[in-house]
Structure formats: structure tokens, C-alpha cells
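Naming convention: chains lettered A, B, ... in sequence-line order (proteins, then strands); numbering from 1 in each chain.
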Amino acid sequence: MKSNRSEAITAEIVRNYLETVSAEMSKVVENTSISPIFSETHDYSTGIFYLDERGVSLVARAQSVPVHIFAALTSVETVLKVYEGDIHEGDLFFASDPYYGGSHIPDWTIVNPVFVDGKPLFFTSVRGPVNDVGGCAPGGYNTLAREIWHEGFRVPPVKLREKGEVVQDIWNLILSNTRTKDDITGDLNAMVGGCIIAARRLEDLVRKYGGAVVARSVDYILDYSETRLRAEIESWPDGVYRGKSVLDHDYAGGGEVPVHATVTIRGSSLKIDLSGSHPQVAGFVNSVATNTISNIYSTLVSLCPDIPVNSGYFRPVEIVLPPKSVVNCEPPAPVGHSTVCIGSDVMEAVMKAFETVVPDRVGSANIDLGNVRVYGTNSRSGRFFVASDLWATAMSAGGAKGTDGWGGYAAPFCALKLPSLEMYERQFPFSYISVEYARDTAAPGQFRGAPALHYRRRMTDSVRAIVYNQGYRNTMQGYLGGRSGAGNYFVLNAGSGDELKVPYACYDVPVKAGNVIFAQSGAGGGWGDPLKREPKAVLNDVLNDYVSVERARIDYGVVIDAQRMAIDEAATRELRASLAREASSAAMAK
Amino acid sequence: MDRWAEAARFEPAKLIVAGRVRREVADLLLLNSRTPGATRRLALRVAEAALELGKAVELDDAKFQAELKDLRRALDAVAKRDAQASAAVRTPQGIASPGEVAVRVSRGGQKLLVEVSAPAASPRPVNLCRPASSDVVLAAVVEALGLDGLQTGAVLELVEMDLKGGLLCAALPACVGMGRETSGAALYAACTAALSQLNGRKKGEAQAWLAREVAGEMDWSSGRLTAAAAVRLLAAETEAQR
């Protein structure tokens, strides 16, 4: 449908309005939630969905965690399917089960239909992981899980409100299946509140412009993104491109778990096929299709960051997922860790496939998440607590063309924030010792990855800990000749007689008051040949203590006089030429 | 580890509204079961039984008072002195016993006083919640005093309980998965032993519903069912699915 200039301007106003509403929804959740995973870390996402004869479309989202909100699309579709003919004004839905529109059990999704002319036209939605969902392991990450029932309380789409009335016993059932009911009650109210406020804004929008104009604007918004992406794809060379990523282990002794991506570009269409990926495994890294698709989308949107992200963006994309595989599992496979592992391996495999298609736009698309969850009684409050801490999570950023990896956060986390250490110390029995970049851990590249973080935290109460970790061996990959960074691992009770190094996982291990938890959160991959890095940039890295004089010579071919802290230009030229010849010979030999 | 680790928790919720099964509650029940067919059948039959029972029991105060009078007469006949007994909590191999349950019964006015003392809550799944412990005590009183054919809830007025000890008054987050078969069975045995001293009846054995051989159905180190138990469970599920 062709739009005239006036309609296009109106549509753009509507698009910005919808994105502003998504952002407001996000702020409501941040400002009113209780658990730090929401209020401090911002680990949730908000979006607006639209229903027409073509089905459900994402039309707007706030800056947040892409994998959440792309997957929420399936939650809305599942609600519509399960409650077909039974959706009324004033209804409000909840869903979390991975096999009913969810990703993993901790990700709770609220869906609020907004009625226009007696029909649900929009859906406001918030999706985010709550801090506990019952089940065997406090915190919802059960490294011993072998089936979905080991992972927590399963909730199919249910009504939290019916025709405006709170369905109290359903609230009770959901909340009584969390160990930290008081906090999570606040979080759930925050999610619901965000959806309801956004719904009011949408009603205002329809009142102002009328349903027909809004509908036409949404069509324009979706078509615009589709047109823009198709134009981009057409500018890319036709062909078949392949990428691969490997997860260290499946938590069940099953060894490495590879993900293969084959990207086919034909004209203005893309096909992404994950055939060849590992069959579904015994441990909790299996991904339901929704989660896999959401991770594929996350990579795609990072390739064209100036195109508005909505379902129109994804129309040119066909996705093929092998059944009963780690990227498209069937029940009752456990899936708890899949949102990031195997999820971010899906992202990375797809990103690697695009390495030669759009070399200037690729970069680390992996998280390789590891984390430690501690739980016990907080002596200050006398209450049970369970806490994770994203500072300890493996995820330094990779390099990309024109910029080194920066900060201690991988790109796919997007709008997540590292929490305030002081707030965490206030809320949990922690005392931070240090969080600092570690020398010689950054992935070498023309644009290097951020160094790994070394994290030390003292527990002030005796607790128990669960560690789940990936990326110890298969670290975040580099691009276009950039290398991989250092891997991730944890040490519980560091420096004590009970010291336990954890490269993969451990379950319910005691950590006494006064003992230290250490984490090396791995480094993002580098971009481009390290021998092309500006020698002055390498010297700066040495001066900043990111790179040693020795590694500057070995990895970058930059010779630095350690006494004067100055570059030896002649020796550097000679060494780089020599290293380039060696690399060329090695490539020829392959 | 704790109550949440044992299974999904179901706080009171309406399963049937105006004669129709409520989708949300039924779905939650089924999705949190490995044998949804059998679970559905069981839940609905329990619900039907409760509804039928509700229809059958007349909420007739005169009947209630008459039965209470009979019960007091029965109590007068036996409860002329105090008695006490104890029983060890028997646990499956690999789970340490939390100790003994001690019961003292005495007459307090027109009531039978049952004082129970038990150890503190156990970190293993052998605890019992207070309502479940009360049920066991009532069942023991009914059995030991030969109170057959009860028509009303008058027996609740006859017995006054004083339950002490976290093992039999478990609060969140204590585990209760095997509580009835272990601590509950000990409570029943101690109650009936004490009461049998009053009326000379033979000391009661734990009833079948308390003495389920659950311990033999499961490998407690892994939490997995034995092959034979799994086969039985699957057969029940297959039957229910039909």
C-alpha cells in the first residue's frame, strides 16, 4: 500500500509514539520493581504487539534485551491460540512455560490486550527473568536438570485478570512457587503496572487518530522496515555463507555442543538454516524454537542498526531449524540455560556466517554466560535470599571495526546495566574486594576485545552456591583475523582450604562467611589482523596495563623498550614483516 | 533442599467453578505433572468425592450435638487416667532418623488432650505440616477408641491437641515429601500405643495409607523411581490417557 507524504509523517509520529510508550513502560518497571535484577540490572524488556489479518507483529520495543522481546511475540501468539474466543476487555495474561510460548521458566511474560472497536488490536508486553521460580535449584538455574520439571514451576498462559477483576488464586499459585515471594510480588506488580499504563497510552493514541489511521500507520511502519532491510540484503553479494560456534559442554557429560549456521542470500531475501547443529542434549542448554529465532533476530538487528526494529524487519528472513536439535528441542528437554547458552552460540554462528558478507559490521555476538548464584539466610534481614551478580558474569565486549571492545559487558546484553556495587552490598551479604581488567586477557585484533574482568567478592554470611559456566575452552571468537579472548572460570572459597576451581559447573557448594568468590569473566573477540593495529594503540594498552611488553611483541609485533616505555619503530617494522610472512606461510600450508 | 525443590506447590485454588473445571488451575496441575492423565483423573475424582461428601453430610446441629454426646460418653468409658508412649521415626536407608515422637494422652474436662512432642524440623524430607499431623492424631483417636460410623465433625470437638516440635509442625521451607510415611507413621504408632493403654485395645499398627512402601520405590540418592515403579506409573498414565 502506497502512502502519501502526510500519511508517512503521521506513521512516523505513531512509530515514535509507540517506541516512547515502550520506553515509558520500561521506566515504570525499573522504578517500581523490587528485585535488583529488574531495578538495578534492567534485565527485562518491553514491547508493543499488533494483531491484524497477517497475525501478530512486534511494532515497537524499548532499548532492552532483544532476545526477550522477540520471543515475547510467540507468547502473544500462544495466548491468542490457547484463549481463542475467550479474550475480553480487562483480561491480562501471564505465561512462562518454554513449551507454551516462553524461553526458559524464569522468563515471565505479561501480555495485556488493548481493545479497539471490540477487538484486541494491540498487546502491551513485559518479559523478564524473575529471581526464583521454585524447582530444585534456588534461582532457577539447575545444572543437574535432565527434564523440564527439574527447572521450576511451569505456567502455561493463564489469566491474571479477567474482565478487570484480579484472579487472586492464580496470583497466589504463581507467587507461592517462588522462594522470594515478597520481592517477586513487587516485580510482578511492576510488570503488570507497566503493561496497564502502556495500554492507556495506546487507548489515547487511538482516541486521537482513530483506529483506521493507527492501523494504516502500523502497516506503513512494518512495510518501511521490510523495504529497508530488503534493500540492504540486495546490496549484499548473493551466496551461501557458513558459521559455527561451539559450547563447551552440555552439563550432563555430553561434551561439546556445536551450532552450525548456513546463510543463503538471494536477491532481497535471506535464509538462515541451522541444520547440522547438535541433536538435543541431556543437560539444560537446549533451546526451544522461539528462543533460537529470537537469538537469530538479535544478530540480524545488530547488522543494520539504523532500521527500525519490528516484525517488518524479519519478513525477508526464512529460518530453518532442525527438529529435536539443541536449537529446536522437544519436551521434556530442560532448557534453563538456553537463553544465553546455547542462545548466544546461535547468535555467534550466524554472525560468523556474515563475516565476509558485511565485514565492517560484524563483531562479538556472544555472551558465553557463566554465573554464580548464592543463597541462604541474610543475617541482616533474617530472610532467605538468592542472588546472582552480573559483575561476575562472563561477558566482556569484543572489538568491531573502528572501536576496541569496551566496558565489561558483551554487546548482546544491550541495555542491561551492571548493578551498583554499593546497592548489592546493601541488599546482599557481599563485600566487594575488586573488579578489574586483567592483563594479557584481551583478544588481540586490529581492534582488540575488552580485557577479561577479574572479580573478587567476600561473602559476609555462610551461603551455598551454584555455578554454571561456558566459554572456558571455546572462548568468544574473533572476526576477520581478530583472535579469541581469554576464557571464563570461577573459584569458590578462593585462597582457603576449601578452594574449588569451577570451569564448568558445581551445585549446592558451601561458601563460608569470610570466604572469597573469584571470577574471570572472559574477554570478547578481536576484530581484524592484530598486526594492523596502530603501534601507538598497543603502547597505550601496555601503559594501561592491559597488555604486557612481552605480549605486545608476540601478539601485535610491536617492540616496546620497557625502560623508556617507547616503541622501537625499526624493530617493530622488522618483527611485523617477519610475523606476516609466517602467517602467510601457515595459511598457504592449510 | 527445601519445599520448592520437592514439587510444584498448590495453594488453595478453585478447580471447579459452578460445576465446570477451571482451565487455569487444571492446566497448572497438568503441566506440572509427568503423568498429566493420571493427575487429572485423580484431581477430578478427589474433587467429585469432596462434592459428594458435601452433599451427603447434613449440617444438622442437632445431629452434631447428639454425636458429640455419644463421643463424650465413649471417652468417659475409657479415659480415666493418663498414658504415654513413644515411637521412633523409621526412615529409608541413607536417611538418618530424626529421633522419636512422644505422645501423652490425658483427660481435660470434656476433652481428650493429646500432647505430642517431636524433634526439631529435619533437613531431610521427613517433616509433616501441622494440619497433616492433626489428621494423623485424629485418625489414631478414631481407630484406638473404636469410633466407627462418624456422621459429623463432632470428633474435632472431642480432641484437643498440643503439637510441639518442628518435625510435626513443619513451616516453610522444610521438606515434607516423605513426612507421612516416616514421622506421620511414628506419630500414629505413638498415639495408638498411648490410647491403647486406656482402653485395653490391641496396639494399633500404622494404617496402609501411612505405611506406603514409597521408600522402596525410589533411589533416594538420585531421586529417581525404580524401574518397576516407573513401569507402574506409566501404566497408570496410559490407562488414564485412554
What part of Asn142(A) is in contact with chain B, defined as an atom under 4.5 angstrom from a non-hydrogen atom: side chain, backbone, both or neither? neither
Sort by residue number and list every member of residues 280-291 of chain A having a non-hydrogen atom under 4.5 Å from chain B. none
Calculate, to the nearest 0.5 Å, the distance between atoms CH2 and CZ belonging to Trp4(B) and Phe384(A) respectively. 7.5 Å
Given Asp169(A), which of Arg22(B), Glu24(B), Glu11(B) fulfils the side-chain contact (heavy atoms from CB on, under 4.5 Å) condition? Arg22(B)
Given the rule in the side chain to side chain contact (heavy atoms under 4.5 Å, CB included) test, do Tyr375(A) and Met1(B) qualify, once you have shown the distances and angles that lead to the verdict? CA-CA 12 Å; Tyr375(A) 46 91; Met1(B) 180 184 286; 3.9 Å; yes
Region of Glu147(A) in contact with chain B, defined by heavy-atom distances below 4.5 Å: side chain
Going through the checks in order, is the side chain to side chain contact (heavy atoms under 4.5 Å, CB included) test met by Leu28(B) and Ile170(A)? CA-CA 9 Å; Leu28(B) 284 166; Ile170(A) 297 298; 4.2 Å; yes
For Ser176(A), give me all partners under side-chain hydrogen bond (donor to acceptor under 3.5 Å, both in side chains), at least two apart in sequence or on another chain. none
For chain B, which residues from residues 102-111 of chain A lie under 4.5 Å away (heavy-atom distances)? none
Please confirm whether the backbone N or O of Ala8(B) pairs with a side-chain atom of Asn177(A), one donor and one acceptor, at under 3.5 Å? no
Neighbour count >12 (heavy atoms, 6.0 Å) for atom CD, Gln168(A): yes
Honestly, the part of Asp97(A) sitting under 4.5 Å from a heavy atom of chain B is side chain
Could you tell me which portion of Tyr83(A) (side chain, backbone, both or neither) has an atom closer than 4.5 angstrom to a non-hydrogen atom of chain B? both
With a 4.5 angstrom heavy-atom cut-off, which part of Val167(A) approaches chain B: side chain, backbone, both or neither? side chain
Under 4.5 Å to a heavy atom of chain B? For Tyr100(A) that would be side chain
Between the side chain of Trp149(A) and the main-chain N/O of Leu31(B), is any donor-acceptor distance below 3.5 Å? yes
As an exercise, state the distance from CG of Asp27(B) to CZ of Arg154(A), rounded to the nearest 0.5 Å. 11.0 Å
Can you check whether anything in residues 32-43 of chain B gets within less than 4.5 Å of chain A, heavy-atom wise, and list it by number? Asn32(B), Ser33(B), Arg34(B)
Report yes or no: does Arg179(A) contribute a side-chain atom to a donor-acceptor pair with the main-chain N or O of Arg3(B) at less than 3.5 Å? no
